[in-house]
Amino acid sequence: MPILPRFASAINLTVPPARAGEFRPLGLGPLSVWPPIVLAPMAGVTNYPFRTLCRAFGAGLYVSEMITARGFLAGNQRTHLLAGSRADERPRSVQIYGSDPEVVGEMARRLAAEGVHHIDINFGCPAPKITRHGGGSAIPVKPRLMARLVRAAVRGAGSVPVTVKVRKGIDDALLTYLDAGRVAEEEGAAAIGLHARTAAQLYAGEADWPAIAKLKAAVRIPVLGNGDVWECWDALRMLRATGCDGAIVGRGCLRRPWLFAELVAVFDGREPPLQPRLGDIVAVMREHAELLMAFFGPTPGMRQMRKWCLWYTSGFHGAAQLRPNLLRIESLDEMLGLLGRLDLEEPFPLDALRRSRAKDARRQEVRLPHGYLDARDDDSPPPPVDDLAGWDAALSGG
């Protein structure tokens with residue numbers, strides 16, 4: 001049988017699959033994760049339905065969208081739903097956000113008591129509404145405060161491994177990731193994940209993989225690299241180039257949850273399976289919609305599915321003309337009827353492999369509280385924000 005040309009972008013056409021024994025499972029306390037791949041927590045995305053869909057394609061660790069500690073402890077119904085799971089999800093992984101050590105410690109204790117298997121702390125959110133109050137990616141600017149937060153979570157979690165996720169820093173003039181790695185290691189974190197961009201970059205430009213290598217050389221705990229893993233081959237290149245212990249996959253899987261099947265293949269030394277045709281993708285979309293409806297309810301589930309319809313079909317002929325209608329779907333039959341107008345035999349477009357979703361090249365000037373940089377040794381948590389609902393809405397992951 002002739003060998004088919006590899007379906008990959010030019011940069012990945014000659015990347016070899018993993019050699020036997022080249023990489024090791026990712027160890028996080030009692031957890032052993034193979035392949036060493038982690039689904040990035042993404043707001044409005046990595047809920048239980050999407051995690052279930054990704055897990056069906058391949059092994060790894062699938063993290064919830066970010067859950068605010070204050071909302072969780074206050075019994076907010078929406079927060080508890082987003083933190084929710086089902087008995088079939090093992091291991092169960094939850095990312096938390098908080099800036100008060102007592103609150104973070106108590107949330108870690110409660111999650112551990114619920115049977116959560118892994119807790120991640122977000123120190124990377126770049127949203128202006130968060131950083132201007134001293135939260136998110138502003139927290140590593142104050143290493144002693146970050147230390148208190150990690151220490152509280154580790155103590156509260158007990159035997160459950162706690163990891164942290166950070167960005168490189170505020171901007172190129174204020175890099176914090178090496179200090180954050182030292183803090184994470186000293187306070188008992190099981191690993192640290194680095195999104196290799198600054199808060200000022202948001203999602204613009206290329207991820208700075210050499211920074212991941214610098215962090216790996218500076219700490220003894222496992223380091224997870226995050227940024228620009230669009231194809232399975234990118235994860236191999238990242239681990240080979242940086243020596244990091246695992247890769248975090250974010251935007252690359254949003255229109256291609258089958259990316260996790262490809263990652264399993266290449267880490268096991270095989271070429272990945274063929275890309276699905278549009279008809280196969282429609283079947284995935286149907287399953288995704290059914291999972292959303294079962295978890296959130298029929299109407300909320302289908303309304304969440306609207307954005308997914310745009311992501312899944314982007315790049316296919318005729319999909320742009322359906323966009324206005326897909327943004328108004330209210331039922332599964334309506335969605336399937338619209339998709340049936342397309343050519344279901346059309347192959348997946350090669351130029352869509354590295355196409356971003358809902359992100360642009362915009363950068364920002366990071367907002368910090370007045371005088372924040374004058375007291376970097378201060379370990380006091382920022383004052384609580386009265387507008388808890390607005391605060392939750394502003395959190396968008398790091």
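All heavy atoms count here, side chains included; hydrogens, waters and symmetry mates do not.
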For Val160 and Ala112, which heavy atoms make the closest approach, and how far apart are they?
-> CG2-CB, 3.8 Å

Check: Ile96 and Ile119 side chains under 4.5 Å, non-hydrogen atoms = yes

Are the charged groups of Arg277 and Glu346 less than 4.0 angstrom apart, N to O?
-> no

Rounding to 0.5 Å, atoms CD1 (Ile11) and CZ (Arg354) come to a distance of 6.0 Å

Going by atom type alone, with no hydrogens or angles, which donor-acceptor pairs under 3.5 Å involve a side-chain atom of residues 290-299 and a protein atom two or more places apart or on another chain?
residue	atom	partner	partner atom	Å
Glu290	OE2	Arg286	NE	3.3

For the residue pair Ile121 and Val162, establish whether any side-chain heavy-atom pair is separated by less than 4.5 Å.
-> yes

Compute both the distance and the angle, then confirm whether Arg256 meets the cation-pi test with Trp230: under 6.0 Å from the six-membered ring centre, within 45 degrees of the axis.
-> no

Test log, rule side-chain contact (heavy atoms from CB on, under 4.5 Å), inputs Ile67 and Tyr97 = CA-CA 6 Å; Ile67 308 300; Tyr97 171 84; over 6 Å; no

Linking I/L/V/M/F/W/Y whenever any side-chain heavy atoms sit under 4.5 Å apart, do Met107 and Phe123 land together?
-> yes

Nearest 0.5 Å, what's the CG-SG distance between Leu39 and Cys54?
-> 5.0 Å

Which heavy-atom pair separates Gly134 from Pro369 by the least distance, and what is that distance?
-> N-CG, 3.5 Å

Any donor and acceptor pair, going by atom type alone, linking the side chain of Glu89 with main-chain N or O of Arg92 inside 3.5 Å?
-> no

Where does the angle between the aromatic ring planes of Trp308 and Tyr312 fall among parallel (under 30°), tilted (30 to 60°) and perpendicular (over 60°)?
-> tilted

State plainly whether one hydrophobic cluster holds both Met146 and Leu373, where clusters connect Ile, Leu, Val, Met, Phe, Trp and Tyr through side-chain heavy atoms under 4.5 angstrom apart.
-> no

Please determine, by modelled atom types, if Asn12 and Arg237 share a side-chain donor-acceptor pair under 3.5 angstrom.
-> yes

Residue Arg240 excluded, over 12 heavy atoms near CZ under 6.0 Å = yes

Atom NZ of Lys216 with >12 non-hydrogen neighbours under 6.0 angstrom = yes

Judged by modelled atom types alone, do Trp258 and Gln275 share a side-chain donor-acceptor pair under 3.5 Å?
-> yes

Phe72 six-ring centre to Arg110 NZ/CZ under 6.0 Å and within 45° of normal = no

Is Ile329 linked to Leu332 within one hydrophobic cluster, defined over Ile, Leu, Val, Met, Phe, Trp and Tyr using a side-chain heavy-atom separation of less than 4.5 Å?
-> yes

Salt bridge flag under 4.0 Å for residues Glu330 and Arg303 = yes

May I ask you to test the Pro35-Phe23 pair for a side-chain heavy-atom distance under 4.5 Å?
-> no

Closest heavy-atom contact between Pro17 and Gly269?
-> CB-C, 3.6 Å

If you measure from the Lys or Arg side-chain nitrogens to the Asp or Glu carboxylate oxygens, is any gap between Arg109 and Glu106 under 4.0 Å?
-> yes

Check the side chains of Ser331 and Asp333 for a donor-acceptor pair under 3.5 angstrom, ignoring hydrogens and angles.
-> no

Mind listing the side-chain donor-acceptor pairs of residues 168-182 below 3.5 Å, one per line with the distance, residues two or more places apart or on another chain?
residue	atom	partner	partner atom	Å
Lys168	NZ	Asp208	OD2	2.9
Asp171	OD1	Ala173	N	3.0
Asp171	OD1	Leu174	N	3.0

Does any non-hydrogen side-chain atom of Thr313 lie less than 4.5 Å from one of Leu322?
-> no

Point-to-point distance, once rounded to the nearest 0.5 Å, from OG of Ser9 to CG of Asp351 = 11.0 Å

Closest non-hydrogen atoms of Arg251 and Asp228, given as atom of the first, atom of the second and distance, are NH2-OD1, 4.3 Å

Can you label the angle between the Tyr203 ring and the His195 ring as parallel, tilted or perpendicular, going by 30° and 60°?
-> tilted

Should the pair Asp88-Arg55 be classified as a salt bridge under the 4.0 Å nitrogen-to-oxygen rule?
-> yes

How many angstroms lie between SG in Cys125 and CE in Met66, if you round to the nearest 0.5 Å?
-> 5.0 Å

Check whether Val103 and Val154 end up in the same hydrophobic cluster, where Ile, Leu, Val, Met, Phe, Trp and Tyr are linked by side-chain heavy atoms less than 4.5 Å apart.
-> yes

Residue pair Arg355 / Ser314, side-chain donor-acceptor N/O under 3.5 Å | yes

Kindly say whether the aromatic ring centers of Phe260 and Tyr62 come within a distance under 6.0 Å.
-> yes

Heavy-atom pair with the smallest gap, counting every atom of Cys244 and Leu239 = O-CG, 3.5 Å

So how far is it from Met335 CE to Leu326 CG, rounded to the nearest 0.5 Å?
-> 9.0 Å

Is Asp377 close to Lys142 at the side-chain level, that is, under 4.5 Å between some pair of heavy atoms?
-> no

Within 6.0 Å of CZ in Arg24, more than 12 heavy atoms from elsewhere = no

Closest heavy-atom contact between Cys232 and Leu263?
-> CA-CD2, 3.7 Å

Can you find a pair of side-chain heavy atoms, one from Ser64 and one from Leu82, that are under 4.5 Å apart?
-> no

Close side-chain approach of Val38 and Val249, heavy atoms under 4.5 Å = no

Beyond-backbone contact of Leu145 with Asp378, side-chain heavy atoms, under 4.5 angstrom = no

Cut-off 3.5 Å, side chains only: do His118 and Thr163 have a donor facing an acceptor?
-> yes

Just how far is it from atom CZ of Arg151 to atom CD of Glu187, taken to the nearest 0.5 Å?
-> 4.0 Å

Linking I/L/V/M/F/W/Y whenever any side-chain heavy atoms sit under 4.5 Å apart, do Val183 and Leu215 land together?
-> yes

